[in-house]
Amino acid sequence: GEDEVFRRYIHDISCHGKTVFVPAYRNRLEEYSLPELEKLKSDGLVEFDKNQINVTKEGRNFIRNICHAFDLHMLKTKTTGGVPLYSKAI
């Protein structure tokens with residue numbers, strides 16, 4: 001499901017510096033992750049398109065920050081103004 005896919009994104013980015021997006025979860029990606037990724041892209045930390053993301057050389061020092069863009073539990077809490085939750089992303 002959704003949690004497994006986003007956990008895989010985090011794992012792939014942490015271990016390999018890149019991941020390929022699953023089309024079935026594009027809506028969630030666009031709603032939660034892409035706004036965060038746009039900020040990281042403007043800082044030169046990632047490069048991405050609709051299919052994949054790659055961490056830049058500069059971005060390797062900010063893997064945790066990049067992985068946060070795929071932490072749906074944290075992002076959903078942030079967007080709803082709810083009480084912070086601690087995610088089991090990894």
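Everything quoted here is computed from the prediction, not taken from an experiment.
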Residues forming a side-chain hydrogen bond (donor to acceptor under 3.5 Å, both in side chains) with E58, sequence neighbours excluded: T56

Donor-acceptor contact below 3.5 Å, side chain D49 vs main chain Q52: yes

From CD (E47) to CD1 (I53), nearest 0.5 Å: 9.5 Å

From CZ (F70) to CZ (R8), nearest 0.5 Å: 10.5 Å

Passing option when Y9 is tested against Y32, F21, Y25 for ring-ring contact (aromatic ring centres under 6.0 Å, His included): F21

Gap separating the CZ atom of R7 from the SG atom of C67, nearest 0.5 angstrom: 13.5 Å

L29 side, atom CG; E2 side, atom CD - distance, nearest 0.5 Å: 10.5 Å

Interatomic distance, I66 atom CD1 to I10 atom CD1 [nearest 0.5 angstrom]: 12.0 Å

E30 side-chain N/O to N27 backbone N/O, donor-acceptor pair under 3.5 Å: no

Nearest heavy-atom neighbours spanning S42 and K39: OG-O, 2.8 Å

Test salt bridge (charged side-chain N to carboxylate O under 4.0 Å, His left out) applied to R60 - qualifying residues, sequence neighbours left out: none

Option from L40, L45, V55, D43 for which side chain to side chain contact (heavy atoms under 4.5 Å, CB included) with F62 holds: L45

Stepwise side chain to side chain contact (heavy atoms under 4.5 Å, CB included) check, H73 with D3: CA-CA 9 Å; H73 298 286; D3 284 344; 3.5 Å; yes

Short N-O contact, E31 and R28, less than 4.0 angstrom: yes

Ring pair (Phe, Tyr, Trp, His ring centres under 6.0 Å) partners of F48, counting only residues at least two apart: none

From OG (S33) to CZ (R26), nearest 0.5 Å: 11.0 Å

